[in-house]
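Contents: one structure, followed by commentary.
Please read these numbers as outputs of a predicted model, since none were measured by experiment. Note that these values count all heavy atoms, side chains included, but never hydrogens, waters or copies made by symmetry.
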Protein chains: 2
Amino acid sequence: MLGKADSVNKALEATVLLRYPIKIHESMRYSILAGGKRVRPLLCIAACELVGGQESTAMPAACAVEMIHTMSLMHDDLPCMDNDDLRRGKPTNHMVFGEDVAVLAGDSLLAFAFELIATSTTGVPADRIVRVIGELAKSIGSEGLVAGQVIDICSEGMTDVGLEHLEFIHVHKTAALLEGSVVLGAILGGATDPEVEKLRKFARCIGLLFQVVDDILDVTKSSQELGKTAGKDLVADKTTYPKLIGLEKSREFAEKLNREAQDQLAAFDIEKAAPLIALANYIAYRNN
Amino acid sequence: MLGKADSVNKALEATVLLRYPIKIHESMRYSILAGGKRVRPLLCIAACELVGGQESTAMPAACAVEMIHTMSLMHDDLPCMDNDDLRRGKPTNHMVFGEDVAVLAGDSLLAFAFELIATSTTGVPADRIVRVIGELAKSIGSEGLVAGQVIDICSEGMTDVGLEHLEFIHVHKTAALLEGSVVLGAILGGATDPEVEKLRKFARCIGLLFQVVDDILDVTKSSQELGKTAGKDLVADKTTYPKLIGLEKSREFAEKLNREAQDQLAAFDIEKAAPLIALANYIAYRNN
């Protein structure tokens, strides 16, 4: 399944072209082509194929979710936010292109994501495309990843952050777009409403799983292994799962989420569900 | 026609609600409800009605273009960009809510604009909505207003900025979204392709007209009259029409653009075209 990341990389490379004005497109390409794990596009494609759709049908949406993910990282890394110098083992976008261009390149990727879905999705009825655009937008905005980031920022230095609060942050900051990725693929592939709901639950579990594993990696791995600054959460005094419930219980929680996620796939054809199972296991057992 | 701004204000007020997380929604509402001229929404509605559509059909798109306009102002005002303290007579968003929240609230408005069109546009076929979303996205991204802002930033302090270069900035930074506003309304109202093209030309003229008048006002009016910092372009050593061709020739150019714009409306019913003509004259003869 992870081999499909190559198709995604090729599609992104062919979509975000180096055009005039050069600087903004250089900045967009710098971050989008920096070689992330492409988990969101792969989830989108796998969900589409699970319900009988084609990879090509999901590809514009798959590229779009990666653009959204990338723009959120670019803006989160800004000096006025997390002030991060290192991302995916390279200097962050604003370190290379300046803060102004990093803000604008993020805005541009956000708009481009919607343009791509609206103008390049083929072979499905228009009402499905409209539904997909609504779902994607909701996963980003003030009820989606932006909400998570805002609460995260407001929580730094707070001493009484509970599990429920922490879960709100992660469900929004990380899980919303992962959920969106799966749901977009499912809708484009022609899933029935009950199928969409099962896949939504699957995505919510792995969304939270993703963040729990991120928190664990932040305290157990070096910066070099992660390709980003390790221990950052501790330094910033952020609440994390290991800090709140300990490393061992965090690992148990991750296992539980992975099982719950995979339970949602039981009703589907086991062979067709294999890529999503592989992705869930990849998220659970990854090292960076 | 300008009386319709009240309907737009009510729709915006009812759309961008004060929800949890409070801070981000406060920030979004602070800027979107700061009482701009609502030129873009009014253009969108007028274009829709011109070709026989309803105000209610265009209203989600009308709110969306105002959200995009507002987010672009919020990001442009940031310290890393134009570093402006005053906007519409009030402290800029980041002065009140902090830079981090201003960036995120802008992102959120951008996503929300697409959500609103996708989920709240009623009474038109889905393929029209998809087309509208593609047009709006294009007017924002690296071929739209972001492109204009990037070139604008890169041009500050340059001594050899010519008319062609200045026009590129304005066509993208200001005209693209004005054009988008008109085209969105036209498509939603059921315009034929030749009608869309006529209205696109109309919009391009008034887009450029809008910026020429802005440049003129910047050198002829006080900060109080403008509700934003006057003479800013001069201080920042920005190239403007008055600087490049003189105040008198700038005024003549504005007249010419207004005439050219209104010429495009000749083929339409004169009574139905009245609101667009009024908007063009308003843009040409406004005082702030």
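Contacts with chain B were tallied for A/I133, A/V101, A/D76, A/I117; A/I133 has the most, counting heavy-atom pairs under 4.5 Å. Counting heavy-atom pairs under 4.5 Å between each of A/A111, A/C80, A/A118 and chain B puts A/C80 at the top. Annotation: maximal heavy-atom pairing with chain A below 4.5 Å, among B/I153, B/L145, B/V130, B/L78, occurs at B/V130. Comparing A/G134, A/G141, A/P21 by heavy-atom pairs within less than 4.5 Å of chain B, the highest count is held by A/P21. Put simply, of A/I140, A/T119, A/L104, the one with the most heavy-atom pairs under 4.5 Å next to chain B is A/L104. Among A/I129, A/L136, A/T121, A/L110, the residue with the largest count of heavy-atom pairs under 4.5 Å with chain B is A/L110. Here A/S142 is the residue among A/G144, A/A137, A/S142 with the most heavy-atom pairs under 4.5 Å with chain B.
A salt bridge links B/R200 with B/E197: the distance from a Lys NZ or Arg NE/NH1/NH2 to an Asp or Glu carboxylate oxygen falls below 4.0 Å.
In terms of modelled atom types and a separation under 3.5 Å, the side chain of A/R128 and the main chain of A/L188 share a donor-acceptor contact. Although no hydrogens or angles enter the test, the distance criterion places a donor-acceptor pair under 3.5 Å between the side chain of A/H25 and the main chain of A/R19. B/T57 contributes no side-chain N or O that, together with a main-chain N or O of B/G53, makes up a donor-acceptor pair within less than 3.5 Å. A donor-acceptor contact shorter than 3.5 Å is absent between the side chain of A/S27 and the backbone of A/K23.
Residue A/I151 touches chain B through its side chain alone, counting heavy-atom pairs closer than 4.5 Å. Proximity to chain B (any heavy atom under 4.5 Å) is shown, for A/V150, by both the backbone and the side chain. With a 4.5 angstrom heavy-atom cutoff, A/F114 touches chain B via backbone and side-chain atoms both. If you measure heavy-atom distances from A/E143 to chain B, the contacts under 4.5 Å come from the side chain alone.
What you find for A/H172 and A/A176 is that their closest heavy atoms are O-CB, 3.3 Å.
Checked by atom type, the side-chain pair B/H75/A/D107 shows a donor-acceptor distance below 3.5 Å.
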Run the side-chain hydrogen bond (donor to acceptor under 3.5 Å, both in side chains) test on B/D84 and B/T92 for me, step by step, so that the C-alpha distance in whole Å, both residues' side-chain angles and the decisive distance to 0.1 Å come before the verdict.
CA-CA 7 Å; B/D84 235 315; B/T92 45; over 6 Å; no
